[in-house]
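A short write-up of the structure that comes next.
Heads up: numbering here begins at 1 and tracks the sequence. Keep in mind that what you see is a predicted model, and the values were worked out from it rather than measured.
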Amino acid sequence: MISNQYKKYFYVLTHYLETNNNIKIIQKPGCEDAWYPMLNIIYINQNLQYRERLFSLLHEAGHAFIDNEMRHKDLLCFNKNTPHKIRSKKGYVHTLNEEILAWNYGKQLAKNLKLKINYIQLEEYMTDCIMSYVRSGLKSIYGDEINADIIYTRYV
């Protein structure tokens, strides 16, 4: 798929999130892709190619949908403002669970919006990101006791 198509879909998704969910999308060079629930803002790293921006925006939108679903049910959102260093197995499992859920919500959103993207590439990117969470979580919990660096990722 050509880059212009990913750019088009990125802005289709941006418009959808802003119009239907009142979520503001901010692109900023070098920033970490992130969802800020108290501000209703998603930050996307402007240095990424549009394919990666789209995939990251789908993922962050997944976090937004998870949070909004929890709020709508009057439940507390789990795993918010988690420090980068995970301190327990329980925290690690909760973080990993939310990250996988956010990717799946994002993938479903792309299908609902009928985005004609390469879903194999999305799955590869998604898997890479999830494996990077696995690696960083294992390093946070076990430190030098385990060689988590053996977990190879291509994109992140």
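V156 and I120 fall into different hydrophobic clusters, defined by Ile, Leu, Val, Met, Phe, Trp and Tyr side-chain heavy atoms under 4.5 Å apart, directly or through other members. Taking hydrophobic clusters as Ile, Leu, Val, Met, Phe, Trp and Tyr residues chained together by side-chain heavy-atom distances below 4.5 Å, Y50 shares a cluster with L13. Hydrophobic clustering of Ile, Leu, Val, Met, Phe, Trp and Tyr side chains at less than 4.5 Å, counting indirect connections, keeps Y152 apart from M126. When hydrophobic clusters are built by joining Ile, Leu, Val, Met, Phe, Trp and Tyr residues whose side-chain heavy atoms come closer than 4.5 Å, directly or via intermediates, Y36 is not grouped with L101.
Atom CG of D33 and atom CD of E52 lie 10.5 Å apart (nearest 0.5 Å). Put simply, CG on L138 and CG on D149 are 10.5 Å apart, with the number rounded to the nearest 0.5 Å. Taking CG of N147 as the reference point, atom CZ of R135 lies at 11.0 Å (rounded to 0.5 Å). From I151, atom CD1 reaches atom CE of M131 across 4.5 Å, with rounding to the nearest 0.5 Å. Here the straight-line distance linking atom CD of E99 with atom CD1 of I66 works out to 8.5 Å at 0.5 Å rounding. Between atom CD1 of residue I26 and atom CD1 of residue I41 there is a gap of 4.0 Å, rounded to the nearest 0.5 Å.
For Q5 and Y9, the side-chain atoms include at least one donor-acceptor pair closer than 3.5 Å.
Within 6.0 Å of atom CG in N20, more than 12 heavy atoms from other residues, nucleotides or ligands are found, so the atom counts as buried in its surroundings.
Between N45 and R53, the closest side-chain pair of non-hydrogen atoms is not below 4.5 Å. The shortest side-chain heavy-atom distance between K8 and L54 does not fall under the 4.5 Å cut-off. With contacts defined as side-chain heavy-atom distances shorter than 4.5 Å, the pair F10/L57 qualifies. Under the 4.5 Å side-chain criterion, counting only non-hydrogen atoms from C-beta, W103 is not in contact with E123. Between Q108 and F65 the shortest side-chain heavy-atom distance does not fall below 4.5 Å. Side chains of Q49 and Y6 form no contact here, defined as non-hydrogen atoms less than 4.5 Å apart. With a 4.5 Å cut-off on side-chain heavy atoms, I25 and E18 count as touching.
Pairing each heavy atom of A61 with each of L109, the nearest pair is CB-CD2, 3.9 Å. For the residue pair L48 and S56, the shortest heavy atom distance occurs at CD1-OG, 3.9 Å. For the residue pair I141 and S88, the shortest heavy atom distance occurs at CD1-O, 3.6 Å. Across all non-hydrogen atoms, the minimal contact from Y43 to C31 is CB-SG, 4.0 Å.
For the pair T19 (side chain) and Y16 (backbone), a donor-acceptor distance under 3.5 Å is absent. Side-chain N or O atoms of Y92 include one that pairs as donor or acceptor with a backbone N or O of V134 at under 3.5 Å. No donor-acceptor pair under 3.5 Å is formed between the side chain of Q27 and the backbone N or O of Q46. Judged purely by atom type and a 3.5 angstrom limit, N97 has no side-chain atom pairing as donor or acceptor with the backbone of V93.
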- Worked check of side chain to side chain contact (heavy atoms under 4.5 Å, CB included) between D67 and E98: CA-CA 10 Å; D67 286 350; E98 182 171 344; 4.2 Å; yes
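Between Y125 and F55, the distance from one ring center to the other falls under 6.0 angstrom.
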